[in-house]
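Please read the structure below before turning to the comments.
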Amino acid sequence: MRSCAPVCGFAKLAWKGNVRAPWTPKHSGVLLRSHASCPGSSPRGWARPTGHDTGIKTYNSLTKQKESLVLRQEGVATWYSCGPTVYDHAHLGHACSYVRFDILQRILSKVFGINVIHVMVITDIDDKIIRRSLEERISATVLSQMYEEHFRQDMLALKVIPPAAYIRVTDNIPQIVAFIECIITNGHAYTTDRGDVYFDVQSIGTHYGKLVNVGDTTGESGETGKRDKRDFALWKASKPQEPSWESPWGRGRPGWHIECSTIASSVFGSQLDIHSGGIDLAFPHHENEIAQCVAYHQCEQWGNYFLHSGHLHLKGSTEKMSKSLKNYITIQEFLQSYTANEFRMFCLLTKYRSAIDYSDASMNEACSKLATISAFTHNVQAYMQNRMQCQPVQEGLLWDSLASTQASVRTALADDFDTPRAMDAIMNLIHHGNTQLQPITKSIGSPRSPAVFGAILSYIRDIMEVLGVDLVDQKKSHMMPNSGLLENVVEQLVHFRREVRNFALTPAPADTSAGGQAGRTRLHRDRQPLLNACDALRRDLATLGVHIKDRGTTSTWEVTQQT
Ligand SMILES: Nc1ncnc2c1ncn2[C@@H]1O[C@H](COP(=O)(O)OP(=O)(O)OP(=O)(O)O)[C@@H](O)[C@H]1O
Ligand SMILES: [Zn+2]
């Protein structure tokens with residue numbers, strides 16, 4: 001059997017420890033060497049990669065258990081993720097999946113010092129895009145580019161670190177065609193009279209079902225041209241009015257799964273460390289991606305770790321939030337009511353693999369945890385700045401508490417990215433801090449412990465920033481929550497102050513006595529304390545970042561970031 005040349009300049013990276021398995025042609029009756037005979041192989045046929053053990057455990061959908069994360073090159077993780085199909089605004093389900101994986105990548109890079117090379121595909125051609133473009137009477141290209149831009153902006157608004165590259169399917173059609181040609185040459189796909197190309201699932205035997213136990217689903221397909229009902233399209237002959245590209249099989253467009261196998265291979269070569277997506281993508285999408293890559297690269301194992309995030313549901317619903325089910329809240333709508341920090345906290349409070357219920361109650365819990373952290377950092381600053389006096393602190397206990405929190409957080413994050421456990425440890429540290437930070441009115445001469453509080457504050461800020469929650473920015477967003485509650489309170493306060501100030505500034509009746517200040521406006525002397533109180537309030541609010549400006553009888557306010 002002839003093996004094909006790499007597709008158009010595919011980088012076959014010389015990864016350390018990347019051992020390519022010997023290829024056994026399918027005609028020999030044994031497709032690939034069985035993993036059961038490999039050292040370190042699992043019953044499901046997964047082989048532990050050769051390379052550097054990071055000390056992190058991660059649940060691998062290929063083995064259905066936690067595995068040590070072993071990277072082929074020390075300190076480098078190649079990560080491919082399935083991106084959005086861009087035919088509409090992204091919703092909270094998408095946000096949840098991408099924010100959760102953003103958290104995982106931040107942990108890998110910022111806690112464990114791993115350079116994550118992440119690429120994400122943008123599915124900019126598919127049935128839903130074509131249908132929508134026909135409904136809207138705009139080209140599929142214009143439609144998809146518009147929603148791709150919305151998606152990128154939404155991700156930025158949610159503070160998701162952009163991948164090294166977003167890669168569009170339509171920018172990779174020649175590569176996809178070459179990839180399919182190679183699979184045909186290797187004997188794992190066939191063409192039909194209609195100009196479709198199907199993957200021949202039977203040709204890879206037990207290598208189909210690496211991710212999901214597909215059971216015995218073989219059999220004749222009722223569909224025209226398919227040999228087996230499990231076979232799936234690599235290339236679809238074009239129908240009238242559909243976008244199409246030239247290929248050896250006539251004009252057409254790629255099937256869904258082939259885009260990911262091709263693009264991931266074009267960037268990372270014949271092996272990949274980590275592949276991610278929502279749990280709904282495990283089958284058939286990821287199973288088919290694996291089949292294609294095994295057939296193309298003639299390898300035993302293409303993706304070493306498959307990570308799947310759980311679905312976001314509206315509370316009370318068993319269905320995932322979905323465009324097709326029309327039960328969704330767009331990211332833009334959501335950000336009218338909550339901040340990116342609040343959404344991230346909501347994501348941090350559950351494991352990335354679990355389903356997550358979205359409701360006012362679950363968002364309130366996230367907001368309240370964030371407010372507790374924020375208030376703590378604010379109080380610590382006030383204490384350090386001598387604006388708040390406290391009873392003497394048991395410093396040793398606090399140093400111990402900080403050290404054990406740092407260790408617990410690291411352990412939790414190394415255990416399949418257990419963010420709820422890490423958050424519990426952080427909240428516990430704050431609880432200890434708050435217990436010691438008891439304000440008193442007079443403390444002149446009492447011993448003070450600002451350094452330990454400074455250390456706790458720095459750690460909390462750093463670790464939250466690692467997870468993508470910006471506590472410095474939080475002060476600002478906290479003062480201007482989109483829910484409007486605090487904004488309304490400040491508005492009322494400023495309004496009340498303006499009324500009091502204007503009352504205090506009302507001129508006293510003209511002084512007609514001898515020596516009186518003829519021609520000058522005089523204030524009521526007994527109203528001076530009211531003016532003093534207004535000035536004091538303005539000063540106090542300024543320290544909180546709320547700046548009041550008085551002009552004549554009007555008062556306006558704005559929030560500026562505190563340092
Ligand atoms: N409700 C959800 N919860 C978590 N992840 C989701 C949810 N909906 C979609 N995703 C994930 O978002 C990513 C992009 O999905 P894609 O654009 O293909 O949307 P989709 O699954 O077709 O959405 P929809 O069903 O709303 O049309 C995938 O990884 C998918 O698993
Ligand atoms: Zn994919």
Side-chain angles (χ1 to χ4, degrees), residues 61 79-104 118-129 131-132 143-144 147-148 150-152 154-155 158 160 163 166-169 172 176 179 211 232 234 254-268 272 274-293 302-303 306-315 317-331 334 343 346-347 350-358 362:
S61 296
W79 184 314
Y80 178 85
S81 63
C82 298
T85 308
V86 280
Y87 69 99
D88 206 339
H89 289 285
H91 56 66
L92 277 192
H94 303 127
C96 177
S97 187
Y98 295 118
V99 167
R100 281 169 150 186
F101 285 124
D102 178 66
I103 292 169
L104 266 51
H118 174 213
V119 299
M120 182 186 286
V121 70
I122 296 284
T123 303
D124 61 346
I125 183 69
D126 104 316
D127 291 346
K128 289 185 263 191
I129 294 174
R131 202 164 41 241
R132 185 77 189 266
L143 180 93
S144 59
Y147 285 113
E148 177 188 330
H150 283 304
F151 174 76
R152 287 170 180 247
D154 286 347
M155 292 301 110
L158 291 170
V160 171
Y166 285 113
I167 304 184
R168 288 184 192 145
V169 176
N172 284 268
I176 290 173
F179 201 95
L211 196 53
F232 54 89
L234 300 181
W256 173 27
H257 321 294
I258 196 70
E259 66 191 40
C260 291
S261 301
T262 307
I263 290 170
S265 301
S266 79
V267 179
F268 297 125
L272 177 67
I274 301 173
H275 192 311
S276 66
I279 187 65
D280 55 311
L281 299 188
F283 188 84
H285 184 55
H286 290 164
E287 189 67 57
N288 293 352
E289 280 185 36
I290 294 171
Q292 293 163 157
C293 282
W302 163 60
F306 273 78
L307 273 49
H308 289 114
S309 59
H311 279 153
L312 180 136
H313 303 250
L314 285 178
K315 185 153 176 68
S317 163
T318 50
E319 314 260 34
K320 72 162 190 158
M321 182 174 281
S322 153
K323 284 175 269 190
S324 22
L325 294 171
K326 301 216 174 347
N327 61 350
Y328 63 91
I329 300 166
T330 66
I331 295 172
F334 173 84
F343 185 71
F346 166 74
C347 292
T350 52
K351 286 184 155 194
Y352 77 94
R353 288 194 287 124
S354 348
I356 184 167
D357 271 337
Y358 176 80
S362 49

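In what follows, every heavy atom counts, from backbone to side chain, and hydrogens, waters and symmetry copies are set aside. Note that ligands are numbered from 1 as they come in the structure, with each ligand's atoms numbered from 1 the same way.
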Would you mind running through ligand 1 and noting each atom that sits below 4.0 Å from a heavy atom of [X]?
X	value
Gly310	4 (C)
Lys128	22 (O), 27 (O)
Tyr98	13 (C), 14 (C)
His91	8 (N), 26 (O)
Tyr87	27 (O)
His311	2 (C), 3 (N), 4 (C), 5 (N)

Keeping the roles fixed (side chain from Gln292, backbone from His257), state whether a donor-acceptor pair exists under 3.5 Å.
yes
Minimal non-hydrogen separation, [X] against [Y], with atom names:
X	Y	result
Asn327	Leu314	O-CD1, 3.5 Å
Tyr98	Cys82	OH-O, 3.1 Å
Ile129	Leu143	O-CD2, 3.7 Å
Ser265	Ser261	OG-O, 2.7 Å

In terms of the angle between their ring planes, are Phe334 and Phe343 parallel, tilted or perpendicular, with boundaries placed at 30° and 60°?
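Ring orientation, 0 to 90° scale: perpendicular.
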Between His311 and His313, what is the ring plane arrangement, given parallel below 30°, perpendicular above 60°, and tilted in between?
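Geometry flag for His313 against His311: perpendicular rings.
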Within a strict 4.5 Å, meaning less than it, do heavy atoms of the Thr350 and Arg100 side chains meet?
yes
Is there side-chain contact between Val121 and Tyr80, with heavy atoms separated by less than 4.5 Å?
yes
How close does the nearest protein non-hydrogen atom get to [atom], and which residue and atom is it?
atom	result
atom 8 (N) of ligand 1	Lys320 NZ, 3.3 Å
atom 1 (N) of ligand 1	Met321 O, 2.7 Å
atom 12 (O) of ligand 1	His94 CD2, 3.3 Å
atom 17 (O) of ligand 1	Thr85 N, 2.8 Å

Would you list the protein N, O or S atoms within less than 2.8 Å of the Zn ion (ligand 2), leaving out water?
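Protein N, O or S atoms closer than 2.8 Å to the Zn ion (ligand 2): Cys82 SG, Cys260 SG, His285 NE2, Glu289 OE2.
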Which residue from Ile279, Leu281, Leu312 reaches closest to atom 28 (C) of ligand 1 through any of its heavy atoms?
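Heavy atom nearest to atom 28 (C) of ligand 1 belongs to Leu281.
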Which option, Gly278, Ser324, Gly93, owns the non-hydrogen atom nearest atom 5 (N) of ligand 1?
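Considering heavy atoms of Gly278, Ser324, Gly93, the nearest to atom 5 (N) of ligand 1 sits in Gly93.
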With heavy atoms and a 4.0 Å threshold, my read on which part of Cys96 contacts ligand 1 is neither
Is the closest N or O pair between Ser309 and ligand 1 shorter than 3.5 Å?
no
Does a donor on one side chain and an acceptor on the other come within less than 3.5 Å for Trp256 and Thr123?
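There is no such pair (donor and acceptor under 3.5 Å, judged by atom type) between the side chains of Trp256 and Thr123.
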